[in-house]
Amino acid sequence: MFETLKLRGPQCLAFNQYSATHNPSPSYVLGKGLREIAAMSVQVLAAEMAEVELKDVPSKELTPESPLTTKADDKGIVESEPKAVVTSATTPTMEPIVKTGDPSPGFLTPNTKMPQASAMKRTDPQQNGGEAFVNRDGTVAEAPRLKKIQFADQKQEFNKRPTKIGRRSLSRSISQSSTDSYGSAASYTDSSDDETSPRDKQQKNSKGNGDFCIKNIKQADFGRREIEIAEQEMPALMALRKRAQGEKPLAGAKVVGCTHITAQTAVLMETLSALGAQCRWAACNIYSTQNEVAAALAEGGFSVFAWKGESEDDFWWCIDRCVNLEGWQPNMILDDGGDLTHWIYKKYPNMFKKIKGIVEESVTGVHRLYQLSKAGKLCVPAMNVNDSVTKQKFDNLYCCRESILDGLKRTTDVMFGGKQVVVCGYGEVGKGCCAALKAMGSIVYVTEIDPICALQACMDGFRLVKLNEVIRQVDIVITCTGNKNVVVREYLDRMKNGCIVCNMGHSNTEIDVASLRTPELTWERVRSQVDHVIWPDGKRIVLLAEGRLLNLSCSTVPTFVLSITATTQALALIELYNAPEGRYKQDVYLLPKKMDEYVASLHLPTFDAHLTELSDEQAKYLGLNKNGPFKPNYYRY
């Protein structure tokens, strides 16, 4: 094997002489000498580059067992032919080639006697890593030390290199995949070097319009690409845009919206505009806005007031800017969470005199509407999109089944196999989360207050528990109830070290985050949307998105599923806006079943699906119209 190594230089000459006379066996080379050979070649190459002349090396005393070790990091020898300086004493001693904290490589020096080939190298941990050799007779001999040669300008070069490498490593660890990617809903573009609040900027689009407030209008081109990609996965909205564009069913509609501002929402807004509506928009979540998409909308002429990382004050300021515009008053509301509706009731109640209806898509917002209706304070009709079949079964279930894993992976890089997870709530969102985690090999517990949902969890193979029974042992806690104070400080105190805590419900009230903002606890930002909350004894939990909606704050959601929800919202707006007076009273309504079926039918061509049609005889037997609706309103899918 040695004969195949054609090395150059005085050291290699000595080595070749040795190999010709000793001819060690191949197994010996593979077992013990290969790493030393490779290390020696690196040393020799560096010596040639530096033009260090090493003379009179006694060839018979050089063996493969010589401790020629080097670090991979020491490959950056300077290329400018530096002058070699001998820094060791004159006695022929040997030191380790690379010490901890000593970046300079050392080379074998002349007239250094090496141990015999039969000796075996050993590192003695009692001597701070010192090296020794065990001879065949069992005696231990201390390794001789090398003279160390250091380049005069090498230290300076070394000091420069780690700085660049460190910066490059840091930029990759918080890199474009997590901080500046234009390809995700979690495109943390709030990490821009410009820390100026958008409220303090004066921005205008290419047409000179400045009726918007976003992070950076210069990101519009990136956002436009995002929107174009989303359009490919939103067939129903695109079909609706083509079919109804000539009729303009929303002509004269002035829609004020408060939803997540993502590429999918942008497709909805542009569809509403194509159908004749004027739109002004704010974000329903301070972390879910895609800054580049907001920029694309602003460039397209939409009045958008949102950016990722808003403060609470910014959040309400943006909503107010949407609503409070001289000479413009909304007549339709599209809400997600009820914050926009609440703000108008609180600040501008007279606006409801001209508002024709409210469309609400979240559990939290629908709950607020029912409260208003029960108290007799709901003064306009409202459409409950959240409980429509297409929203419940597709957005809540299938969307969360995929996005829960995406959100957890992007933020924590956690492996799910064998992890113990408790999911609070077994509604459609909880069902999706549990199914995904179970498929990944997690041990899943469920908490639930509804006996019907609880029985479903048991029949699906999940153990039903109370949260206090498992809080000490679980690795991940996920809330999806729509309630408040589900995970309180008492539970947070009892969690194990490293427990991940997150929320999949719309509101940030499920986890008592406010109780963690106390002097004795330390908050440590790990990366965007990931905080370590550290207790005095050193225990820490991993809190994601500060208890806000995980999937839209930290990752993406499947565009196709959002197409279903967005189409439902568009049809609900059309229905309420064009409904004759008296059809809908001041109450909360579900989307008509016929409309739910129409939304589903618009998405079937994507799968090349072919519906079976009823014959006249079959339709008469079932008492149905051949064109639907095919199920009564009380039917549970």
Side-chain angles (χ1 to χ4, degrees), residues 181-187 189 205-206 212 214 217 219-250 253 255 257 259-281 283-284 288-304 306 308 334 336 359 361 385 390-391 394-395 398-399 402-403 406 551-552 555-574 598-609:
S181 169
Y182 294 112
S184 73
S187 59
T189 47
N205 61 17
S206 60
F212 59 86
I214 60 172
I217 190 65
Q219 296 176 347
D221 289 342
F222 293 100
R224 178 51 52 189
R225 295 170 201 164
E226 288 286 325
I227 296 170
E228 290 171 353
I229 293 172
E231 288 175 349
Q232 306 304 313
E233 278 285 289
M234 304 186 81
L237 271 183
M238 302 307 292
L240 184 63
R241 190 184 297 186
K242 291 179 180 179
R243 293 184 185 184
Q245 193 167 6
E247 301 174 7
K248 301 288 185 183
L250 290 177
V255 182
T259 66
H260 303 283
I261 297 182
T262 63
Q264 296 80 14
T265 302
V267 178
L268 169 62
M269 292 173 63
E270 292 181 348
T271 300
L272 297 179
S273 179
L275 301 183
Q278 299 178 32
C279 300
R280 295 177 66 83
W281 231 261
C284 68
S288 64
T289 299
Q290 286 178 272
N291 288 333
E292 62 277 9
V293 171
L297 289 170
E299 178 62 30
F302 288 92
S303 298
V304 179
K308 190 176 184 67
L334 178 56
D336 185 350
V359 175
E361 74 151 321
V385 170
T390 45
K391 171 67 164 63
F394 297 96
D395 195 337
Y398 299 118
C399 175
E402 296 194 18
S403 60
D406 189 20
N551 54 4
L552 280 163
S555 64
T556 62
V557 291
T559 300
F560 185 81
V561 171
L562 290 185
S563 173
I564 299 172
T565 302
T567 307
T568 305
Q569 291 172 310
L571 291 176
L573 285 170
I574 294 171
Y598 179 63
V599 172
S601 68
L602 289 175
H603 289 84
L604 289 176
T606 302
F607 304 99
D608 193 24

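Throughout, residue positions are numbered sequentially from 1 according to the sequence presented.
Heavy-atom neighbours of Lys248 NZ from other residues, nucleotides or ligands within 6.0 Å: above the threshold of 12.
Leu297 CG to Cys279 SG: the interatomic distance, rounded to the nearest 0.5 Å, is 9.5 Å. If you take CE on Met269 and CH2 on Trp281, they are separated by 5.5 Å, rounding to the nearest 0.5 Å. With values rounded to the nearest 0.5 angstrom, Leu268 atom CG is found 10.5 Å from Thr565 atom OG1. Atom CD1 of Ile564 is separated from atom CD of Gln569 by 12.5 Å, given to the nearest 0.5 angstrom. We find the CE-OG1 distance between Met238 and Thr271 to be 6.5 Å, quoted to the nearest 0.5 Å. Between Leu562 atom CG and Gln264 atom CD the span is 5.0 Å, to the nearest 0.5 Å.
Using a 4.5 Å heavy-atom threshold, the side chains of Thr567 and Leu602 count as touching. Side-chain atoms of Asp395 and Thr568, non-hydrogen and from C-beta on, never get closer than 4.5 Å to each other. Side chains of Gln290 and Lys308 form no contact here, defined as non-hydrogen atoms less than 4.5 Å apart.
Residues Ser403 and Asn551 have side chains that bring a donor and an acceptor to within less than 3.5 angstrom of each other. A donor-acceptor contact closer than 3.5 angstrom links the side chains of Ser206 and Glu299.
A centroid separation of 6.0 Å or more is found between the aromatic rings of Phe560 and Tyr398. Aromatic ring centres of His603 and Phe394 lie farther apart than the 6.0 Å criterion allows.
Considering all non-hydrogen atoms of both residues, Leu573 and Leu334 come closest at CD1-CD2, 4.2 Å. Scanning both residues, Ser563 and Met234, for their nearest heavy atoms gives OG-CA, 3.3 Å. Residues Ala306 and Ala294 approach most closely at O-CB, 4.2 Å, considering heavy atoms. Here the closest heavy-atom approach between residue Ala283 and residue Ile261 is recorded as N-CD1, 4.0 Å.
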Item to complete: Walk me through it: do Arg224 and Glu270 pass the test salt bridge (Lys or Arg N to Asp or Glu O under 4.0 Å)?
Response: CA-CA 12 Å; Arg224 178 51 52 189; Glu270 292 181 348; 2.9 Å; yes
